[in-house]
Structure formats: C-alpha cells, structure tokens
Amino acid sequence: MSQKLQTTIAASMIALLANMGVAEAATTVKFWHSFNKSNGEALDKIIAGFETANPGIDIEAEYVGSYNDIIAKLQAAIPARRAPDAVILEVTRYGLFANNKLLTDLTPYFDADPLKADLYDYAREVGIIDGKNYVVPFNSSTPVLYFNKDIFARAGLSADTPLKTFADISAAAKTISEKLSSEGISGIAAPGQFARWGLVMANDSEMVDPKTGEILLDKPNTIEAYQWMASLVKDDKVASPDGVTEEDNGRDAFLAKKVGIMMNSTGNYVGSKKALGDSLAVRPMPCNKACSVPIGGAGIGIMSTSEKDVQDAAYKFISYAASPEANATWFAGTGYLPINKKSADLPVAKEALATQPGIDVAIESLPVAHGRARTTVVTWMRTTEYKMWEAMALGQRNVEETMKDFAVQTRAEEKRVGH
C-alpha cells in the first residue's frame, strides 16, 4: 500500500471518528408534552426550528396525554427514575413538584436571559412561586365564549344576542334547545373545568385566593356560580350530561355542529375554526358580577433529577420556544395567547390576526386576566373537583352542601401536605 493511500485512509478514519464524536456528543432532552392534532403539528415546527439552530441538541418529544395524564405519569415516573428532562406542566399544578424540590429553579437561567424583558407581565408571573421561577410559559390561554352563528340564526337569535351575564347565556341556550332539540341540537356544552374556574371569577370569586392561598370554595359567590352551572344540566336541560362525565364530549359536539354555545380555552380556536368556518363567533367570557378571567395553559419546567448539561440544553429549548418567532408560529397555528411582546408584529401572526376573526378576543381580555393559585393543594383540589362537579351537575348532591364539604376536605388536605 502506497504512503499516499495510507495517508488518505488515515485522514478519512480521523474525519469519520471526529464526526462520530460530534454525533455522540449531541445532548438529548427527553420532553413530555400534551399536544396532538393541529397543536402537535405546530409544536413539531418549533422543535424542528430549534434543532436546526442547535444541531448539538436533540429534543426527544413525546405526547403523553392531557395535563392530568402528565401529572399522574410524572408521579409514577419519578420514583422509578424514568422521569423526562423537560415537561409541560399546567400553570396551577406545577407547585406540587416545585414545592417538593423536583423542579429545577430556573431563576438563574431566566434572569440572565434577554427573553425575560420581552415577555408580557402575566407570562413572567405565572412561573413564580415564593420568588423563584420554576416554569417558563409556552401555551397560555384564557377561556372565551364560542358560538355557532348558523345555529343562532336557525333558532331565531341574532349574532348580536347579548351573552354578558349568566341570565343572557341561559336565555340563549334555552331558545336553541326549544327550537332545535328535534334535530339533536342542544343549547350549550357543559362547561369544562377551565371554564368553570372562569365562571367563578366572573361571579366575583375564586376557587383559591391566588395571593393568600385561602380556600374560597364555600364562599357565597362561588356556590352561586356552581348552582348556575349545574342548572344548565340538571334543571334547564340545555347541556348534555355526557359533557359532564367526559369534558371532551361537549367540545366534540360543538365541533360537530350539535351545540350552540361553548365556553372553552383559546387553544380550541384553530380546531373550532376548521370545523365551523365562517359560522364561528368568539366573544369574551361573561361578566356576571365582575369582568375577570383566569390565565390558563402551561409552562415548561426542567426536572431537578436531570444532569446539568441536559438542564442547560433544556433551557435553551425553553428560551427558543418563547422567542418571538416560535411564539408567533404557535399563536397562529393554535390560537393560544402570545406570551412574547414582539410576536404579534411578525408576519405569521399578523396574517392570523387579519384572516382569522375572533383569534384576538383573548388578547383583548388580557387587561382582566389573572394568574391563579399554584399552591401544592391545588393539584389535589382540581383532581377532586371533577367528581364534585359531576355529583352536582347530575343532581346527585345538593350544590351548597357539596361545595361546603369540598372546602372542608380541601382545607384538611392543605394541612396534610403542609404547603
């Protein structure tokens, strides 16, 4: 073998080994999330953009189900040492993990990140517990009121029908059910938990005080809001019971044009627009006794069990996901709120605002939008609320006694968990 050939082979081997070294040095971030369908497609675009800009980092994204599913699976994965590195956590429930030192304190990362100055105030606030930052928001939302203009017209209702109070909404839902029930159309979808929290706030109350952590489940205005919500199902029968036992059923019936009104997250905008087209209308949530809506959605946290280099890589992804470009892509593709002040000025966001009527309703609600309590007990409270709501809406238990009992149980659980 000639010296020249030997040199060429040696050089080729060195290059090959160098390339292998680069490949082996790539950092993998295991990321759990809750987005499928159109929301999942928008997330895939953001991940692809990040990996192109950061070839040394691989985001191993996995859809693991709803927010509730993530909580349950994370609780099982942590003791088994199978937890992800980064995870989407709903903004009222990450305290369960932060307060037990299972989430990395992101404050040093966040304080050094120029991104911090670009986020809206609400977006900076939702990730903080006791002065420390544990999640950076990704998908933020408020509930809004959707309605089907075609169903309204067929029921003899104008598209300008007032929907500002509980009485307004009940009246419209009753008219729709009376006029169109023979066609299998009901007036309203039973409100899901996010909307229920929003309706309590619209009645000038809270589930848990966001500043003090006080349990407010048994306050008169909270009970009154639940009495009205339950009446839609058990008394007026304008909402189907199957939307109580499975929240997605109400949403799916609205998308199938079998329900006139739905109160749900802004994250349902794109799917609703695809299903209803020009028949979709979007309004702010009612202001029954107060104009106030909850900030919902989720942020991305980093598990404290991950290695430091993986945590560093995960934060790079978090920062990219909240950048103007990524956030504009997310807003346009899903209807979730912009979290970055610069997002709305980018072409993709401007096009969405110009061509998708109603996508801006949640943005207009931001002056009355508020973060919610995120104490440890909130996770338990939200899980338990589902069965309490079901018993009340289906007429199995009296609303007032149920809410008072729920408050007693929640205070006892709060004392037990010690936060």
Side-chain angles (χ1 to χ4, degrees), residues 28-55 57-70 73 84-91 123 136-142 144 146 192 194 247-248 251-252 254-256 262 264-278 280 282 296-300 314 316-340 342-344 346-363:
T28 297
V29 176
K30 187 176 181 181
F31 173 45
W32 282 7
H33 67 84
S34 56
F35 307 111
N36 59 3
K37 300 180 181 178
S38 59
N39 290 354
E41 292 170 7
L43 176 62
D44 288 343
K45 289 180 183 178
I46 291 170
I47 291 173
F50 173 78
E51 291 181 335
T52 298
N54 297 270
I57 302 174
D58 176 34
I59 303 299
E60 187 180 293
E62 181 182 355
Y63 169 74
V64 295
S66 68
Y67 294 148
N68 292 338
D69 294 332
I70 285 179
K73 291 178 181 179
D85 304 302
V87 58
I88 280 283
L89 290 167
E90 196 272 335
V91 294
V136 175
F138 175 63
N139 57 302
S140 291
S141 61
T142 67
V144 293
Y146 298 94
F194 188 30
E247 287 187 1
D248 287 350
R251 179 205 61 196
D252 293 345
F254 181 78
L255 299 181
M262 174 180 74
N264 215 320
S265 166
T266 56
N268 284 279
Y269 176 84
V270 170
S272 298
K273 186 66 176 174
K274 286 180 179 177
L276 272 65
D278 292 339
L280 180 70
V282 188
I300 307 176
K316 282 187 178 181
F317 171 64
I318 289 174
S319 181
Y320 178 89
S323 68
E325 295 77 14
N327 185 229
T329 296
W330 181 250
F331 163 67
T334 65
Y336 278 104
L337 285 169
I339 60 172
N340 193 303
K342 298 177 179 178
S343 300
L346 297 181
V348 66
K350 284 186 173 181
E351 182 181 1
L353 288 166
T355 60
Q356 301 184 58
I359 199 170
D360 59 340
V361 168
I363 300 173

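We count residues from 1, following the sequence as given.
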How close do [X] and [Y] get, heavy atom to heavy atom, and via which atoms?
X      : Y      : result
Ser141 : Phe194 : OG-CE2, 3.5 Å
Ile46  : Ala326 : CD1-O, 3.6 Å
Gly335 : Tyr269 : CA-CB, 4.2 Å
Asn264 : Arg251 : ND2-CB, 4.1 Å
Ala314 : Ala86  : CB-CB, 4.4 Å
Pro137 : Ala322 : O-CB, 4.3 Å

Can you measure from [atom1] ([X]) to [atom2] ([Y]) and round to the nearest 0.5 angstrom?
X      : Y      : atom1 : atom2 : answer
Leu346 : Glu351 : CG    : CD    : 12.5 Å
Phe254 : Leu276 : CZ    : CG    : 5.0 Å
Ile57  : Lys316 : CD1   : NZ    : 5.0 Å

The criterion is side-chain hydrogen bond (donor to acceptor under 3.5 Å, both in side chains); which residues satisfy it with [X], sequence neighbours excluded?
X      : result
Asp360 : none
Asn340 : none
Asn68  : Arg93, Tyr386
Thr28  : none

Exercise. Can you check side chain to side chain contact (heavy atoms under 4.5 Å, CB included) on Asn39 and Asn139, steps first, answer last?
Worked result: CA-CA 10 Å; Asn39 290 354; Asn139 57 302; over 6 Å; no
Exercise. Does Val270 have any side-chain contact (heavy atoms from CB on, under 4.5 Å) partners at least two apart in sequence or in another chain, and if so, which?
Worked result: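 Partners of Val270 by the side-chain contact (heavy atoms from CB on, under 4.5 Å) criterion, ordered by chain and then number, come out as Ser38, Lys274, Gln356.
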For this session: Return the set of residues passing side-chain contact (heavy atoms from CB on, under 4.5 Å) with Val144 (not counting sequence neighbours), or none when no residue passes.
Result: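 By the side-chain contact (heavy atoms from CB on, under 4.5 Å) rule, Val144 matches Thr142, Tyr146, Thr266, Val282, Val361, Ala362.
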Exercise. By ring-ring contact (aromatic ring centres under 6.0 Å, His included), which residues pair with Phe317, not counting sequence neighbours?
Worked result: Phe31, Phe50
Exercise. Do Asn268 and Ser265 have a side chain donor and acceptor closer than 3.5 Å?
Worked result: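 The answer is no; no qualifying pair exists.
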Problem set entry | Candidates Val136, Val87, Ile88 - the one meeting side chain to side chain contact (heavy atoms under 4.5 Å, CB included) with Ile300 | Ile88
Exercise. Tell me, do Phe138 and Ile339 make a side-chain contact under 4.5 Å, heavy atoms counted?
Worked result: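 Not touching, per the 4.5 Å side-chain cut-off.
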According to salt bridge (charged side-chain N to carboxylate O under 4.0 Å, His left out), who are the partners of [X], at least two apart in sequence or on a separate chain?
X      : value
Lys273 : Asp278
Glu247 : Arg196
Lys350 : none

Problem set entry | Atom NZ of Lys342 with >12 non-hydrogen neighbours under 6.0 angstrom | no
For this session: Start with the C-alpha gap between Ser272 and Met262, add the side-chain angles, then the distance that decides, and say whether side chain to side chain contact (heavy atoms under 4.5 Å, CB included) holds.
Result: CA-CA 10 Å; Ser272 298; Met262 174 180 74; 3.9 Å; yes
Exercise. Passes side chain to side chain contact (heavy atoms under 4.5 Å, CB included), Ile59 versus Val29? Steps please.
Worked result: CA-CA 5 Å; Ile59 303 299; Val29 176; 3.8 Å; yes
Exercise. Which residue pairs pass the salt bridge (Lys or Arg N to Asp or Glu O under 4.0 Å) test when at least one of the two sits in residues 320-334, sequence neighbours left out?
Worked result: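 Every candidate salt bridge (Lys or Arg N to Asp or Glu O under 4.0 Å) pair involving residues 320-334 fails, so no pair, neighbours aside, qualifies.
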For this session: For side chain to side chain contact (heavy atoms under 4.5 Å, CB included), just list the numbers for Val91 and Tyr67, CA-CA rounded to whole Å, side-chain angles, deciding distance to a tenth of an Å, and then say yes or no.
Result: CA-CA 10 Å; Val91 294; Tyr67 294 148; over 6 Å; no
Exercise. Which pairs count as side-chain hydrogen bond (donor to acceptor under 3.5 Å, both in side chains) when at least one residue sits in residues 327-337, sequence neighbours excluded?
Worked result: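 Of all non-adjacent pairs touching residues 327-337, those that pass side-chain hydrogen bond (donor to acceptor under 3.5 Å, both in side chains) are Asn327-Ser343.
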